[in-house]
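Following: one structure in structure tokens, then a few remarks.
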2 protein chains.
Amino acid sequence: MTGPKYRQIHNYLKEKIQKGLYSEGDILPSENELCSSFSITRTTVRKALEELIKEGFIEKKHGKGSFVKERRQSLGLLNVKGFSEAVGQNVKTVFLKKPAIREWSNQIQIPVSLMEKQKACIHFERLRFVKGEPVMLENNWLPDIKLGGLISNEFVEASFFKTLSRNYRIEIIGSESELRAENAGSKIAELLKIKEGYPVLHISLKFKTSNPVLNIYSELYCNTQKYPIGNIYHL
Amino acid sequence: MTGPKYRQIHNYLKEKIQKGLYSEGDILPSENELCSSFSITRTTVRKALEELIKEGFIEKKHGKGSFVKERRQSLGLLNVKGFSEAVGQNVKTVFLKKPAIREWSNQIQIPVSLMEKQKACIHFERLRFVKGEPVMLENNWLPDIKLGGLISNEFVEASFFKTLSRNYRIEIIGSESELRAENAGSKIAELLKIKEGYPVLHISLKFKTSNPVLNIYSELYCNTQKYPIGNIYHL
DNA sequence: AATTTTAACTTGTACGTACAAGCTGGAAAT
DNA sequence: ATTTCCAGCTTGTACGTACAAGTTAAAATT
């Protein structure tokens with residue numbers, strides 16, 4: 001609960017942004033104001049703000065101030081094109097298998113580290129719809145590091161990553177992926193309501209998080225005919 | 001040529017790394033050594049090193065030092081899996097069309113900014129081979145911002161990005177991409193030596209660089225059967 | 001009234017200092 | 001000979017100060 005001072009400021013501001021107390025485009029208190037509020041020096045405040053910049057929460061403008069970023073266009077999280085634009089309305093997510101302890105699957109393409117394989121495995125399967133059409137089948141695995149309530153509770157805005165960030169303050173800090181174009185097999189074809197043999201995008205993912213023993217492994221199958229998969233990142 | 005001090009140290013070290021004077025795994029001079037070499041304070045040295053970390057050139061280890069990173073596994077540059085591992089030997093790149101001034105193509109999926117469309121367009125087309133097999137057709141477009149010699153000269157290690165970095169000190173700072181699985185048309189099929197209708201991965205890319213008026217647009221078609229496309233990035 | 005200047009804000013760079021915390025190898029104690 | 005300890009290195013955090021540079025709005029000038 002202690003840790004370095006700059007982390008406390010960082011968490012304090014991050015929490016406010018996440019809770020919507022500062023919203024898109026808002027200006028944060030100036031560095032000097034934060035200094036006196038927290039009785040710390042500007043060096044420390046600037047360190048905290050720099051962390052927020054790295055995580056994509058804010059941006060600074062010389063001579064003006066620090067501003068909360070529009071959407072947190074973070075680190076190459078995959079989006080169905082038109083997913084984030086049409087938030088909520090035309091998008092639906094259905095659990096085929098709710099989060100539960102299951103076996104580590106050999107379906108996972110990217111090698112799971114030994115440390116993680118020793119732990120139990122949480123798995124869930126989701127089907128994502130845009131305008132009523134199924135466009136992405138998603139299988140996710142992660143080691144069970146006892147995040148209380150992760151299994152039973154609902155996700156924040158149907159997003160697993162937002163849940164990790166808001167409830168557990170765990171951020172995605174990187175990823176590794178493999179991309180393949182494949183012909184849909186019978187199971188995929190049935191779920192995505194396409195013909196067998198139709199080309200689908202197969203994405204194998206390993207997300208690294210700020211918790212060094214928590215990586216998230218995903219296998220995605222996407223019908224990219226109408227909705228290509230989008231991917232944005234920045235330094 | 002002046003600019004802030006930390007930028008000078010940053011460029012100095014970056015250049016040394018790029019030229020191979022420091023190589024993979026090497027330890028950089030300690031922060032205090034750099035301080036006395038350049039007659040600056042540790043604050044400034046640390047700022048320069050932090051930039052190098054962001055760009056993926058080095059990593060720091062508490063109590064030990066700053067180390068040059070193995071491969072610059074930077075910002076989600078796409079790689080044919082097994083491309084960077086088997087450097088040079090099994091990999092070949094052939095220009096189908098050498099860099100030259102051409103028209104802005106309407107093949108580009110991601111919108112080209114107006115400012116760029118006013119400039120002339122440099123275009124080149126390459127076919128990439130692994131173990132003698134063609135695996136990726138690559139079309140690239142960028143605005144002509146008068147990078148002398150870019151058209152005529154050879155690329156550094158057959159890499160366009162390395163050329164930009166080493167010769168012009170321009171770095172990739174982000175990207176936007178769209179991914180689609182498609183059936184190969186006749187032209188793609190012929191070039192990649194596959195049957196028409198075979199599933200291929202179509203990647204549309206926009207790379208943002210440290211030069212705000214230089215974005216690079218690419219359309220890639222990949223046969224991912226044997227060699228999936230890999231993609232790594234980190235905060 | 002319109003323009004210019006100034007003053008008061010913002011963030012950016014750079015200085016210098018001090019101590020904490022992680023690592024390593026040689027000296028000291030066992 | 002082995003272990004323990006410590007001194008001297010490394011990076012990490014935090015303090016405080018000063019001035020440069022970009023922005024803005026009020027004040028002074030025209």
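Throughout, a chain's letter reflects where its sequence line sits, starting with A, and its residues are numbered from 1.
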Between [N] ([atom2]) and [X] ([atom1]): distance, integer Å:
{"X": "A:N32", "N": "C:dG12", "atom1": "CG", "atom2": "P", "value": "12 Å"}
{"X": "B:L52", "N": "D:dT11", "atom1": "CG", "atom2": "C1'", "value": "16 Å"}
{"X": "A:K47", "N": "C:dG12", "atom1": "NZ", "atom2": "P", "value": "15 Å"}
{"X": "A:R46", "N": "D:dT13", "atom1": "CZ", "atom2": "P", "value": "16 Å"}
{"X": "A:K61", "N": "D:dG22", "atom1": "NZ", "atom2": "P", "value": "16 Å"}

Examine A:F161 together with A:F207 and report whether their ring centres are nearer than 6.0 Å.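 Under 6.0 Å, so yes.
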Less than 6.0 Å separating the ring centroids of B:F124 and B:F155? yes
Return the 5'-most residue of the pair B:G65, A:P4 with respect to DNA chain D, ranking by each residue's nearest nucleotide.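 Nearer the 5' end of the strand: B:G65.
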Heavy-atom nearest nucleotide on DNA chain D for B:S30 versus A:K64: which residue maps closer to 5'?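 Final value for this comparison: B:S30.
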More than 12 heavy atoms of other groups within 6.0 Å of A:L114 CG: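 No, the 6.0 Å shell around CG holds no more than 12 heavy atoms from other groups.
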D:dT10 phosphate, OP1 or OP2: any side-chain N/O from B:K60 under 4.0 angstrom?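 Answer no for this pair, as no side-chain N or O of B:K60 is under 4.0 Å from OP1 or OP2.
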How is B:T44 classified with respect to the nucleic acid when contacts are heavy atoms under 4.0 Å: base, sugar-phosphate, or nothing?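 B:T44: backbone/sugar contact only, no base atoms under 4.0 Å.
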If you round to the nearest 0.5 Å, how far is OG1 of B:T209 from CG of B:L214? 4.0 Å
Given C:dT11, C:dA21, C:dG16, which nucleotide is nearest the side-chain atoms of B:T43?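 Looking only at heavy atoms from C-beta outward on B:T43, the closest nucleotide is C:dG16.
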